[in-house]
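Okay, structure first, notes after.
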Amino acid sequence: MLSVIVFLPLAGAILVLFAGGRGDDRDREPIVRTLALAVSLATFFATLLLWWRFDPASADYQFVERHAWIPAFGIQYLIGVDGISLLLIVLTGFLTPLALLSSWESVHKNVKMFSFFILALETSMLGVFVAIDLFLFYVFWDFVLIPMYFLIGIWGYERRIYAAVKFILYTMAGSVLMLIAIIGLAYAHAAATGTPSFNLQDLYAVQLPWHTEVWFFLAFAVAFLIKVPLFPFHTWLPDAHVEAPTAGSIILAGVMLKMGTYGLFRFAFPLFPSAALYFAPWIAVLAVIGIIYGALVAMVQPDMKKLVAYSSVSHLGFVVLGLCAMNVQGAQGAVYQMLNHGVSTGGLFMIVGMLSDRRHTRLISEYGGLKAVMPRLVAAFLLITLASIALPGMNGFVGEFLILVGAFLWNAKLAAAAATGVILSAVYMLWMFQRVNFGELTNAKNRSLPDLTPREWAMMIPTIAMCIVMGVFPAVFLRPIEPSVNRTLERITGRSYGALSRPLPLAHGSDTPGQPAQVPAGASGVRAAVPGTDHPAAGPLAAISE
Amino acid sequence: MDVAAFYIGAAIAVLSSFFVVAQRNPMHSVMLLITSFGALAALYVLLDAPFTAVTQIIIYAGAIMVLFLFVVMLLNIPQEDPVVSASALLGPTGMRIAVVLSLALGVELVWALSRVGPAWFSQGPSAPSVSSVAGIGVALFTRHAFAFEATSILILVAMVGAVVLAGKEER
Amino acid sequence: MLLLIPLLPLAGFLLNALFGRRLAKSVSGGAACAAMLASFAVAVAAVLAIGRSDAGALQQDVLTWMSSGTLRVPFSLRLDHLSAVMILVITGIGSLIHIYSTGYMHDESDAEYARYFSYLNLFAAFMLVLVLGASFPVMFVGWEGVGLCSYLLIGFWYRKKSAADAGKKAFIVNRIGDFGFILGMLLIFATFGTLDFQQVAAAADTRAVEHGAFGVMTIATLLLFLGATGKSAQIPLYVWLPDAMEGPTPVSALIHAATMVTAGVYMIGRNAVLFSHAPTTLAVVAGIGAATALLAGTIGLVQNDIKRVLAYSTVSQLGYMFLAMGVGAYAAGIFHLYTHAFFKALLFLGSGAVIHALAGEQDLRNMGGLKKDLPITYWTFLIGALAIAGVPLLSGFFSKDEILYRTFTSTNSNRLLLWGIGAVTALLTATYMFRLVFLAFHGTRRHDAPAAAEHPEEEEPAATGAHAAAGAAAHAPAHGHGAGHHLHDAPPSMAIPLIILAVGSVFAGYVGVPHALGGSNRIESYLEPSFAVTESARAARRGAEPAAVVPEAETAHADAAAAAHDSGTAGEERSTEFLLMAISIGIAFAGIGIAAYFWLRNRPAADRMARRMAGVHTLLLNKYYVDAIYDAAIVQPIKLFSTGALWKGIDAGVVDGAVNGVGMAVQAGSGGLRRVQTGSVRTYAAALFIGVVVILGFYLWR
Amino acid sequence: MSAYAAIIPLVIVALSAIVAMVAEAFREPGERMPIAWLGIIGLVGAAIVSAVLWNSDARSMGVIRSDNFALFINMVLCVIGILTMLMSADVVERDRLPAGEYYALTLFAICGMMMMAAATDLLVIFLALEILSLAVYVLTGIRRRSAGGAEAAFKYFLLGAFSSAFFLYGIAFAFALSGSTRIEQIGEVLARQGAGGPSTLALLAVGLLAVGFAFKVSAVPFHMWTPDAYEGAPTIVTAFMSTAVKAAAFAAFVRVFLSPLEPLKEHWIPVLSVLAALTMILGTVVGVVQTNIKRMLAYSSIAHAGDLLLGLVAASSTGKAAILFYLLAYAVTNMGALGIVALLASGDRQHDELRDFAGLWKERPGLAGLMTIFLLSLGGLPPTAGFIGKWYIFSAAVQEGHYWLAIIGVLTSVVSVFFYLRIVVMMYMTEGTDAPRPPVAATALAGLALAVIAVLYLGVLPTRALDLALASISTIF
Amino acid sequence: MVGLNHYLILSGILFAIGTAGVFVRRNLITVLLSIEIMLNAVNLTFVAVGRYRGTVDGQIITFFVMTVAAAEAAVGLALVISLFRHRETLNPDAFSSLKW
């Protein structure tokens, strides 16, 4: 079942290769496009089916498949899904068709290879999310770079080569160190039990000496934080985003960045709990810096795509913060925020793509007063914007709110600092929105721009629908996430979250209080309010966490 | 008497080898090298290896050196041309460095080998004689049979190679 | 049932939003109004229902919205007396304004018309969620939602840069408030483990009042109050409201006078218990309220844009309400909120009628003598003015008097100062309102307005660019054409709401006739329960944690005040009340008198006045330069910092520089190392040889 | 017969070489002869015999030991040889190389390599080394017309002779130490004199032998010949020597250093660690600025030698197996990459400048795709053989606690990705040039296909090969 | 009887001289000669060690070395000739078209 989902796109990709004929065959374009789209849609429905058959109450991996792969090293083809990865898989399935659609008009250079790379990319991303064996994970993780590199480098904009090379080298430089750590971990396991193993669940049990743990954790963390990207490691992102074709940007922002945060929460934290707890405050500080920094820099960008790219830096900062809080709200919110960001930022890139398809520029100054010429597109733009500035009732709010709750329970000061992001996001998004859509229609080139085409409707409607659905009925999505999140947190903090993860009673009103914690006023009380929010290994930043 | 012979031979070998390197005319170099080989042959005799000494003279000094001589004459370049300094490393400085390095190597080797005392080989002069040609032949065709066969391939390759490289361009 | 109340307007919104451009004006407008009226009907029914129910409240849990660990946020609506008052105001006045708008916006294109009404409906829906929400997050949904709608409606004429900017400004300033609101929520959850108003109140009730102590509740309430200042345009975040007048006038009436801006007041009322436990916060609230009232009043005195005058008056009146809240007179605050809704809506609509008649003219200096041309408008407007000025027997009188009285008798340390400010503000209010009346309706016309041919869409620069920034000397093109036509009064669709509201402004006050006047201040007794901890919550709380016994001494101030009042029918008590009443009456008439002298009897005096105190005048005219200061002190620096330091400096320079630097270094090293490969075989041999020597050396020297 | 079992593969290859020579002798001028196929037959035969000999740790004439280790290398060499033959077929025609000599020398070289891998006697190793070296020197300079070829050949020859003198001196010391050149006896002696530390002679021997091998595997600072030789040689020869010579040299390196010299581990590991680090760093760093693809790949092969040395430094069974697997992976990969370069060349013009590849994607999508896969494999990206190879080597290093070397290794491999990508950028993201794009013969394509299949197979399902590699090292303790 | 280490040292000295020759002479033929010197030095070691070990292997190896030397000389000189054909010179530094 799972393998089918993972490799369906790849199969499709190869099919596309054959369907595309020799070289860059223009007349085959429609066939190729429809074929690719069909495959991606099939994958999407398969992922939905997966969700349908997923048991939300269980925290275990489901649909597990296990085959010996390289027995000599205890490497297995071991894949499975739990609450954390499930929705990310669905998200991947959801965004890929949209990405293909978004390139419908804009890409004409060798559509065959384009579709091939997109589908190959989908397979590798799915692989990243389902892999339980670290080696397998790393294989997918590294392979992701290749199709993306080509997507940016071949179909990108002016400085595409620079961006592509920067992207691949930057991310590789981070991940190779993780490779070393993975191997080291496997041999640590071998030292303990006699046989090396790359099975995540086996490795959770490995006890490492403190220094080793720290180094391994850092190796993992750097790899993932670069992917996220967290503040000082983020500079590849704007270049990659700006130069990538719309489809590339959608997938890059929608799914790939999540691979970083997913990796943090799935591998880096639970594998090296005490190191994680030790470094969490530092990472959280970086995350908060990233939130504010990203927002401020986004505010002054002249280029829409760059603006959105920096906004991603800001939003992903929230996610990392939530993870670092290491409590249910924070982590769950973080996972949820991954999905939100995928949808809403994906949507933003679609919009920007539509505009630049029409006008072949992404400079805000080139636009203005678009509302007069294309009200529908602007309406969609508005809704997506609202989603991305976390308006309650839209998806963004739920995630950010949960994250802030979690962060606040852990460390009020950081949460307060992060909350300024709420203001700033409104500032930069609305400012951009207004400069693009409101005011007089000054630029003559914009006079006769067509409004949304049916194809674009087909992209916008699901996106916006998701934004609203996820904002109004988050419980539907949160339910499967919670058990796995609790399980992971138990691994990290060693505390039990079982008590908190009871199935959700629908419509519980004021007469059944959600067990309000009795605590004296003051920060300590704040931290005691919810179990598992205070970090044992306070580290030098104990000051902050107090 | 042995000792005297050794030192004379050694002196000749070292000096001639030195001048092979130290003077410019390749022709003289070849001649000096032959001298040095002769001296070595003498030392081989001292070492109870007359057969080796003979081969040294016949094959080395005889065949190989003649080959060199032949080429030198063929190309006929009495002097080596002046320094073309493509890089600082090729000028006289480079040469000095090289000499220093060689000296260093020499010192290292001498120092190291001087620590290898005769006590270190149990049987000194009392060793069984190694001068018998029969013994050599037996060993050559038993223990070293494969190596012996291998040399055939080696020589074959060398021949082919020489032909390919030096042969005139056909077609 | 409760869900229906916000749902109906939402339905209207969806209808107009999705199919609006294909619908005729009558349909879209009609649908919108119908939705509002229906919602009003349901609201009335609901209110009656709670009247019957003994619990005094209705609660409906719609769905589990968010749930994570201990955090459990059901999307539940709750209707108690407090919210009852609010929904009546919202739906009632909302309906009227919808009806009014059908006339006012009639000259928009179909699409725009539908868009307008869809926004308006959406606003109503969110506003109702705001007041009905039973927990902070749900309230926050409405809270942000109304902010969004006001953003959309202020920027309704999006072509006009000033409008778009005003909208953005409103939203962002509100966001700053929301920042506080969110943190408040978080702190409350962290402290009490719940976000449901009832339970928070109950939990707070078990704690000691934080006299002097700067405890959690104080911080939380202060944060919440920051939110309130944003939403209700108090110092320091009031700056967006005057600009919000860029929106269509009915919008100003509905959102920026009657309903949304009062959300802050409502929120404090909602959390009365919590606030009562944080006297420090209350003091701050009162102080800010008073200061805002005064500041806005002074500014309003000199503004020339009819709507801006009203805007500042709104800010000022909101200050009043906060003053009331701050002194713990929650009922009085809400009472004023309620009456203010009537007359301020009336005034705005009236001004709308004027503007409508004058084809978008908003500058008082270009009006005058409209009395005879616009009788209905004039009389209704006059009533509104009287009401707000606090002339006896009109609604404004009762509420304002109540506030002043409460302030005077409050336990606040510097209550006299507060009362004084309140009194001065009352004077100012009366003055600037009647300045408005006299300038607009009396005296002689200072220019003949064009016919009603072209209409508010003229405000869009598309028609006449010069109207960009509303205010002085923007009228030149407006009357370039169609001069000499006869002005016409408001059409029925606009007139009827005016009249209804006028009636309201007169009689709305009678629900709160103070005991001193033999009244029984019904509204107060009606509202009281909402400011205390409900039994159910307390019971639930006891169940939650038996230890918590509620000592009677610890009950909220509201109770105390109420108790004091009920018992306080002693003679001197009453006499002070009469005295204060008299004073405020005097103030009202004095204000009117001053206005009459300066702007009716001899205008030159006013101008002389202005000239004599030129400095003050310009200061006021420029609203104390607050906007300029904010811009110079905050906005620009941030922009510059972000561009120069962060983006160009750190991002491109340091971080990326480091990254590319590595690349450069490698390239350079590569370029250098390759030179070693000189091409001469002797060099190569040398390298090899060095290797040998070093390795052997390594072995031999150790 | 069975007494000679171990040398059968060598004999077969040698015979096919001689046959090739003879065939050339009987060839009419201008007549085409399928000499390549003779070679292929010989190599396939050798491979088959090797397969048959698997697990029968056969020894012949006391100095040749066809244990699994040697046989694995034989396989690798046969693969390389077959690929070379397949791709040479029309290259030889095109460049008008002396066909007979070319094939004969190639086969002799392979014969020498097999000898080197199987020899258990330093003297034989030396002879084998000389055989393959002389053959390769000549192959390097086989294009008589090109001055570059002659120059490259000469540089290679001179340095080769120079280093082999050191190597021989090392043998001499080993001989002085043990009175024999058989590695078993040397091993015994060294093992016996464990206490009191190794004698000076032993250290000299180790040092000089290390130099000899390091030269052949082109480790820094003995690498200087590599770029020039690779650039000057005909591309197909470059492909051959960059893979085959490395394989043979490493085979002997491992056999000598991990069995007889094993007792001196702690003395040579530091040296080789330093060499490995230098090699990896210099190889990648200098590769960055190269504009000639053959030169670039020369530096890349230096870097790969560094990775392989890592396996040697690890000196564990994992390390040995890793080296074997890596050699195989690198062989197929590099054969493929350089093969494409060779096939794109035309009679008068070498197709080896970076810019020659511009826009290849447009004209030859297939070749570009193959080239990309090979380059990715060289860069060690999944799912290719190169990735598994690197992973295997690094895990060996990590297992033995050489974290720093492993880190240097991975970081340098990232840098190396940069210059592999430069080629990709040229092929896909730059507009075309006037570079000649001759048609590629079917046989050559078959060769490339084989290579790419191998690369992907080893990358996705490496298990079998890994098991073989692990099974091959049992006899090397 | 002269001690073995005398011979070894002598060979060491000759070997060093040989290496020096590779660098200091800018004539390809002399360079080849230097390499011959090195090989002979090694030969001396073999013979001497064989003598003192009492085994003939030393001498046998010497024969093989001679063979190798011959082969190398053949190939080397052939290369020298073909180089000379290309560039009328024997200066090793002249052949540096391949570099960097």
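Throughout, a chain's letter reflects where its sequence line sits, starting with A, and its residues are numbered from 1.
- Residue Trp225(D) holds its CH2 atom at 11.5 Å from CD of Gln677(C), rounded to the nearest 0.5 Å.
- From Leu696(C), atom CG reaches atom CG of Leu203(D) across 9.5 Å, with rounding to the nearest 0.5 Å.
- A distance of 12.5 Å separates NZ in Lys155(D) from CZ in Arg682(C), rounded to the nearest 0.5 Å.
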Please walk me through it: do Thr200(D) and Tyr699(C) pass side-chain contact (heavy atoms from CB on, under 4.5 Å)? CA-CA 8 Å; Thr200(D) 319; Tyr699(C) 277 143; over 6 Å; no
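- Of the listed residues (Val694(C), Leu688(C), Ile695(C)), the one with the most heavy-atom contacts under 4.5 Å to chain D is Leu688(C).
- Only the side chain of Leu158(D) comes within less than 4.5 Å of a heavy atom of chain C; its backbone N, CA, C and O stay farther away.
- Residue Phe698(C) touches chain D through its side chain alone, counting heavy-atom pairs closer than 4.5 Å.
- The choice from Gly691(C), Gly672(C), Gly671(C) that makes the most heavy-atom pairs within less than 4.5 Å of chain D is Gly691(C).
- Chain C forms more heavy-atom pairs under 4.5 Å with one residue of Phe222(D), Phe215(D), Phe162(D) than with any other, namely Phe222(D).
- Proximity to chain C involves both the backbone and the side chain of Val289(D), based on heavy atoms less than 4.5 angstrom apart.
- The distance from the CZ atom of Arg295(D) to the CZ atom of Arg674(C) is 7.5 Å, given to the nearest 0.5 Å.
- In this structure, the side chain of Tyr684(C) does not engage the main chain of Thr226(D) through any donor-acceptor pair within 3.5 Å.
- Looking at Ile690(C), neither its backbone nor its side chain comes within 4.5 Å of chain D, counting heavy atoms on both sides.
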Would you sort out whether Met224(D) and Val676(C) count as a side-chain contact (heavy atoms from CB on, under 4.5 Å), showing the intermediate values? CA-CA 9 Å; Met224(D) 303 288 266; Val676(C) 178; 3.8 Å; yes
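- Residue Val274(D): no heavy atom, backbone or side chain, is found under 4.5 Å from chain C.
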